[in-house]
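What follows is a set of notes on a single structure, which appears directly below.
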Amino acid sequence: MLIFVPKETRPLETRVALVPAAAARLVKLGAQVGIESGAGMGAGHLDADYAAAGASIVSDRAAAIGSADFVLRVLPAAIDEIRLQKPGSLATGLMDPFDLRERIEAYAAAGVTTLCSELIPRTTIAQKMDVLSSQANLAGYVAVVTAAGQLDSILPMMMTPAGTISPAKVFIIGVGVAGLQAIATARRLGGRVEAFDTRPVVEEQVKSLGAKFVKINIGEVGQTEQGYARELTPEQVQLQRDGMAKVCAACDIVITTAKVFGRKAPILLTREMISGMRPGSIIVDLAAEGGGNVEGTVADQETVTDNGVRIIGWSALERRVPRHASQMFAANMVNLIEHFWDAGAKTFPLKLTDEIIKGCMLTHAGKIVHERFQNP
Ligand code: NAD
């Protein structure tokens, strides 16, 4: 089986779908691994490192995509490259299936089987393949260190002969994977941390990390079977905003991570709420790419409001730590392949009845097969 990893081409993308150590794992399984020359540069890996791991360095990207049995990517492929893949071959990586339907249709038309990283089921066994979690974890960390680096003050309390400095106040909105890591990181830096999530089950997790859970009564919300938040009604969103306004006004750093799977992120911080914040405060909007949780966020940019609040809307913050982000992404990829690998035939057999495959397979044998995406 020939596995190919192209260089990511989107501006700002620093990650690579396979790092040398992960390539070596695939080679050990008996796979042939090809990697586009320079693919690992952004993440700190030279072609020579991949060659030493047993991979071949490829310069003809189009030919390699056309001959590969399995293409591993970080971000969604361009349509003209999807068309290069041979019928019956496989592709995996982030595919943004909610927004990029035409690409899913192109994969189906090309006869490619796609295993979409966003749709890996949230089960214990599939956790090791879950790209969303591994990347969100790093994004939560980067959000805090980015905010700390830009803040006009320090995070920890300091008692010095020159006086006592109070700890910075940090508010984390949305306590999923990224939010939990943000809480832990802000606590390690000495901040005083508060957090809120619409899923009441996270209250205990927030407390166990030494942070305070902000109580806002917005009525029944709950979560989906996969652990995702349900969408709020406009009335519930308003109740939440009212409950958070005071907390935000007293904070030095606000980090928003609130996402609703497959839907636009809710606006939780309005201009009015931001106008109540102190000049020099920092907001990091981790939902920026999906529309943002903050009114005034511009994806991939930093903006400063009239009252001096800095809003950071960089998308995919994990890109700022590409070595570790790629290491974890690649481990997720290899864990998926290894889990199903047929050691005798040295191939990736498609177990169509397996729960993980059923959960993440978008296209197969010329059709869109995932029931959620069958009807446009
Ligand atoms: P996510 O990225 O979809 O959302 C981030 C957080 O925002 C979630 O906690 C969500 O509840 C919250 N949110 C949504 N709307 C909100 C609002 N209006 N106000 C405040 N918060 C809001 O979620 P995620 O980080 O991917 O994970 C969600 C849950 O799934 C977590 O409990 C996580 O531990 C669990 N999980 C389980 C597995 C597994 O079992 N394999 C894998 C990954 C995540």
Side-chain angles (χ1 to χ4, degrees), residues 1-18 26 31-40 42 55-56 58-120 129 131-132 135 262 289-290 315-316 319 326 329-330 332-334 336-337 340 347-350 352 356-376:
M1 168 164 252
L2 178 58
I3 298 175
F4 178 61
V5 182
K7 184 175 161 59
E8 295 298 318
T9 51
R10 182 166 150 181
L12 301 180
E13 187 51 71
T14 49
R15 292 168 293 175
V16 59
L18 206 61
L26 292 177
Q32 266 179 281
V33 179
I35 180 132
E36 186 176 353
S37 177
S56 327
V58 173
S59 49
D60 189 341
R61 173 184 177 101
I65 293 173
S67 58
D69 300 302
F70 205 157
V71 177
L72 314 183
R73 298 174 183 265
V74 177
L75 295 182
I79 290 200
D80 53 353
E81 291 203 341
I82 291 174
R83 293 189 183 128
L84 293 175
Q85 272 197 246
K86 61 184 183 190
S89 64
L90 290 143
T92 189
L94 293 165
M95 296 184 175
D96 198 358
F98 295 103
D99 294 324
L100 301 179
R101 183 166 180 94
E102 71 289 1
R103 302 197 200 193
I104 308 309
E105 284 167 357
Y107 271 123
V112 177
T113 298
T114 45
L115 304 177
C116 171
S117 294
E118 287 96 331
L119 299 173
I120 291 280
M129 312 165 193
V131 163
L132 290 187
Q135 304 300 294
E289 207 168 10
S315 59
R319 281 187 200 133
S326 302
F329 193 100
N332 295 140
M333 300 275 109
V334 177
L336 169 76
I337 295 172
F340 292 102
T347 55
F348 183 94
L350 256 185
L352 295 175
I356 298 173
I357 298 294
K358 276 201 288 188
C360 71
M361 193 165 69
L362 266 180
T363 61
H364 178 61
K367 292 197 185 85
I368 296 179
V369 291
H370 197 288
E371 62 179 24
R372 191 158 177 179
F373 299 93
Q374 266 166 351
N375 301 313

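- Thr9 has its side chain within reach of Arg61: a pair of non-hydrogen atoms, C-beta onward, lies under 4.5 Å apart.
- Side-chain contact check for Met1 versus Ile337: every heavy-atom pair is 4.5 Å or farther apart.
- Taken from OG in Ser326 to CD in Glu8, the straight-line distance is 9.0 Å, to the nearest 0.5 Å.
- Considering every non-hydrogen atom in both Ile35 and Leu18, the closest pair reads CD1-O, 4.1 Å.
- Between the side chains of Thr363 and Thr114, at least one donor-acceptor pair of N or O atoms lies under 3.5 Å.
- Contact record, Met129 with Ile356: CE-CD1, 3.7 Å, taken as the closest heavy-atom pair.
- Contact between Ile79 and Arg103 at its shortest, heavy atoms only, is CG1-CG, 3.9 Å.
- Counting heavy atoms from C-beta outward, Ile104 and Phe373 have side chains that stay 4.5 Å or more apart.
- Summarising the geometry of Ile82 relative to Ala110, their closest heavy-atom pair is O-CB, 3.9 Å, with the distance given to 0.1 Å.
- Dense packing is recorded around CD of Glu102, with more than 12 heavy atoms of other residues, nucleotides or ligands lying under 6.0 Å away.
- In terms of heavy-atom proximity, Lys7 sits nearest to Ser37 at CD-O, 4.2 Å.
- Residue Lys86 qualifies as enclosed at atom NZ: its count of foreign heavy atoms under 6.0 Å is above 12.
- Of all non-hydrogen atoms in Val58 and Ala64, the two that sit nearest each other are CG1-CB, 3.6 Å.
- In this structure, CG on Leu26 lies 10.5 Å from CE on Met333, to the nearest 0.5 angstrom.
- Between the side chain of Arg73 and the backbone N or O of Pro6 there is no donor-acceptor pair closer than 3.5 Å.
- Qualifying side chain to side chain donor-acceptor pair (under 3.5 Å) partners for Thr113, counting only residues two or more places apart in sequence or in other chains: His364.
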